[in-house]
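Data first, discussion second: the structure below is written as structure tokens.
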Amino acid sequence: MSQSPLIRAIQERLRSGGYQDLPTPFRIAGVDFEFTAAMRGKDGRALDLILLIDTTTGDFGDRDAARIRQRVGALSRALDITESRFVITVILAGAPLLGNIDTLTETCRVLYVEGLAIDVAGIPIDERTKNLLEDRIRLLLPLDLPNPVALEGGSGPAVEQLIRSLTPDAVDQELLRALIEASKEGESAVTAAVAKEIGNALSLEDRP
Amino acid sequence: MSNVILKELDVTNFRSIRGHVHVPLDAKVVLIHGENGAGKTSLLSAIEYGLTGNVLALHRADPEYAKHLLYRSASEGKVTIKTDSDGEEKRFDAVFDEKGAHSRSRLDPKEASFFSERVYLPQSLLSQLLQIYQESRSDADSPLAKFVGDLLGLDRLDALEAGLKPLGDVRNLRKVVESWSAVEIEKDRREQFVSDRTEALTSIDQTMHLSLLELKAICDGVGFKDQVTPTTLNVIMSELQSEGDEKQYDEVLDRQRSLGSIRRQIASAEEQSAQPISRTEADAATARTAFAEWESVNGAQIEKLRSKINELLPSLKLSSDLFGLEKEAVELLQREHQQLIGQAEQARRDLRRTVEAQRELDATRQQVIIIDAEISQISADAGVLASALGELSSYIKSDVCPVCERDFGELHNGSLNEHVQRRIIHLSSSAARLLTLGKSRGESQQTVSRLEIELETLSGRKIASETLVAIDRRSALVGSTIAELQRVGPAIAEGAALRANDVAFRRAASDLQARSSVVMDARATVSEFAVLVGAEGIGPEEGFEAAIARLELMLRQQAEQLSNRLTLRRKGLELTESIRSDIKRKTEAEGMLEADTKELKRATKALQNAQALRIQGQTVRDTVDSVRSAIIRRVFNDQLNCVWRDLFVRLAPSEPFVPAFRIPEAETRQLQPKLITVHRDTGEQGGTPGAMLSAGNLNTAALTLFIALHLSVSKVLPWLILDDPVQSMDDVHIAHFAALLRTLSKEHGRQVIIAVHDRQLFEYLRLELSPAFYDDSLVTLELIRGPRSDTHCVPDRPEFREETALLATA
């Protein structure tokens, strides 16, 4: 199969997002369907059926919007007949299409990936291109949340960061300990603590 | 509670729900459908009220909303919610009647607040959400600050920052650290002392230096070659006390007298030799008679005078009469008289000064005692107390004391406020007075030491009163003798002349022969005398008169010189005494200076240490600022903006501008993030979302912001309840939104409850959110209500079914 680098890049990205390749052509309700590539999710995305369509080379007449609409419509009807719950997502990858594709959105979810700088091996040439690619199909990718900075009760990293930011020679460690300790009790405790430390320093009595 | 799910809901006569509905909620996704007015929003707000005892969106619209929660024609209503946390069931109840609502059990406040802020997105809030965040200001209650607070729990940093704030202004610091002003005052006081003492020392040094110079000049004048330094004072003193000069002086005086007598002898010899011999005898008779007559008149008186002078001036050695010596005697007596008067006056001056200085000293000491007493009465903390009272006074609203709550009016002594103000004025002036007192005390102390030294000098010079009386007496005697001598001077002169005449004539005859030999003898005598006193003898050409004048001049010069030396010695001794006392004073002053300097150093050091701590405290505060700003910036940039962007791009993949918060690089307590848009591909900044996005995408921005906020904070309650969020979304967005809901539910474990009114959308979502794997679950609820019938809820629970439609064409 001589796939375009763009299609390969999308497939690669989807595979790493947990999608599996489907062999094409595949058959539903006794009808064969042929697409550039098809993929299926698993677990929570097990009902996602993804169809990749190369609009640059135009396999199976894919450069024409009407032809695409026709085939996707046929697939949709076949799924209805079998009472399938599959949800179709069509990814149009490559050149802009001839004809009106908007009505396709009534049948399925449509994502566009226009021409991006992808090398022959199907690898985006740089990080930015990779991000551009991901943004176009982000909906299909897992949602990665940054580690939440959950700092319950106010202790932990914030105060630790503060301590790390203060070099030992910049601030007396005894003072710092007292302040950090007092900060648990609120602002007036902090004021009292610093006042006590300064008061000790001001004491004119001889200290050992 | 992060695994808890909403299990079921029972609603009776709540808002637009009439009658009782039982609603199962135990599924990963709950999809609610109903026509407008069927009660979808009522159902969701029943969940909120049941769990939190409040409906925030209604509260915003009308604080009295609780009265209207009951279905309008019903008499009582009820909401019951059950939650399930890994098999442990919890129940939340609320009841309603015509008077209002009553929540019997609810979530704890933290969870309740999380529910209202981060779980439930009412329809009305969606359109306002961006507005709310865009207009939020920096105050602590603003939605963003609340978000940051939820997210980070920066309360300890806040406590540090607020608690360290007084360090910034030394006036606030003085209020907080009581001893600060006390040490400052102590430092000022010691500084004043040190400067006073240093000044005193300098003046002592100057005096001493001048005295030493003078003493050196005296030593040079007297001819001592010793070095003049404070350490050689003893040697110098004993040298000044040596009596050599005095003896020499006496000797010179003797010689002057001897020379006088020689001169007289020679003069008489020369005179006689000038008279012709023929007249001698007749003249002798006349002269004898005249002298006898004079002697009978004046003899006794003059004899008395002579013995008196002899007594007074034993060194004069008057032979038998005064003749020829009266001038010398007058001169010597006058000199003595001058000295005596001088001594007596000096003694009297000293005595008066002693009394005066003693009085001054007593007075000044008394002053010091009084100042000390006053200082001891003024509390060193007066200033601090004054400022404390000053702060307190703003709390005085009436005569009731805010501290002890007693009524000051009972005293009938004016108002409390006036009383406190008077007190503050008194205390403030006390603190100022303390400084003034310290300064006066230093000055007085200086005066005391100066007076003590003066008194010591005076007492060293003091003459016993008996001696003074004796001096006075002798002075008087000498004075009267001089007067008498001057009075009888002419008589003596006359007598002397007569006697001389007599003797001359008597001796004339016999002397006549001896004249030339006498003259020769006299010449030899003078010459011998000259050699004796260390001068040249009479030269062959030199006359008697000239030689004697020369010798006289020489002796007078010697006497003058010696007399000067003696004066110098006396002065030198006085100076030595004064230098000694200066040294003593200096030692004392140095001791005190040392003590004060030590105290000053101690106070200065203490203040330095305290200042160092203050600076360190400020450093901590600054660091708190920067740490917090870094955290907030990171949270917004790395977390919230990332999540928001991700969500937004999912729903609107073709929108080139994505919304974001931008944190200006400014101070952090003033958290003022701005809503902006960023070009998705280039990162270029665009305008505000309102200016850059279409209405549909604006709605998407708000919806994704809500979800991003929910996802960014820790998962207190894993629920997302959305009330018809897709009203102005187009089909494309809805398809993407459905995919997002699935992601949230199936990948991030959120129990999603969503209400929609559009039938088609409901069907679409039902398909899209169908159970995708064995344990997956979906509940759909259809709310139906006729115009005059109870609300009905039709639940449906599609089962998971393995998908078999897809077959490879093998």
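We name chains A, B, ... by the order of the sequence lines, and we start the count at 1 in each one. Every value quoted in this text rests on a predicted model; they were computed, and no experiment measured them.
- Considering only heavy-atom pairs separated by less than 4.5 Å from chain B, the leading option among A/L141, A/I81, A/N131 is A/L141.
- Remark: the backbone N or O of B/K110 is paired with a side-chain donor or acceptor of B/D108 at under 3.5 angstrom.
- With hydrogens and angles ignored, the 3.5 Å screen pairs no side-chain donor or acceptor of B/R680 with any backbone N or O of B/R645.
- Within 6.0 Å of atom CD in A/E34, more than 12 heavy atoms from other residues, nucleotides or ligands are found, so the atom counts as buried in its surroundings.
- Looking at B/Y764, only its side chain comes within 4.5 Å of chain A, counting heavy atoms on both sides.
- Ring planes of B/F114 and B/H710: tilted class, angle from 30 to 60°.
- Of the atoms belonging to B/V620, heavy atoms from both backbone and side chain fall under 4.5 Å from chain A.
- Ranking A/P142, A/G199, A/S165, A/G186 against chain B, the residue ahead of the rest is A/P142, based on heavy-atom pairs under 4.5 Å.
- When B/R801, B/K746, B/K28 are each tested for a salt bridge (charged side-chain N to carboxylate O under 4.0 Å, His left out) with B/D776, only one passes: B/K746.
- Neither the backbone nor the side chain of A/E185 comes within contact range of chain B; no heavy atoms are under 4.5 Å apart.
- Both the backbone and the side chain of A/S84 come within contact range of chain B, with heavy atoms under 4.5 Å apart.
- When the candidates A/V171, A/L49, A/L22 are compared by the number of heavy-atom contacts under 4.5 Å with chain B, A/V171 comes out ahead.
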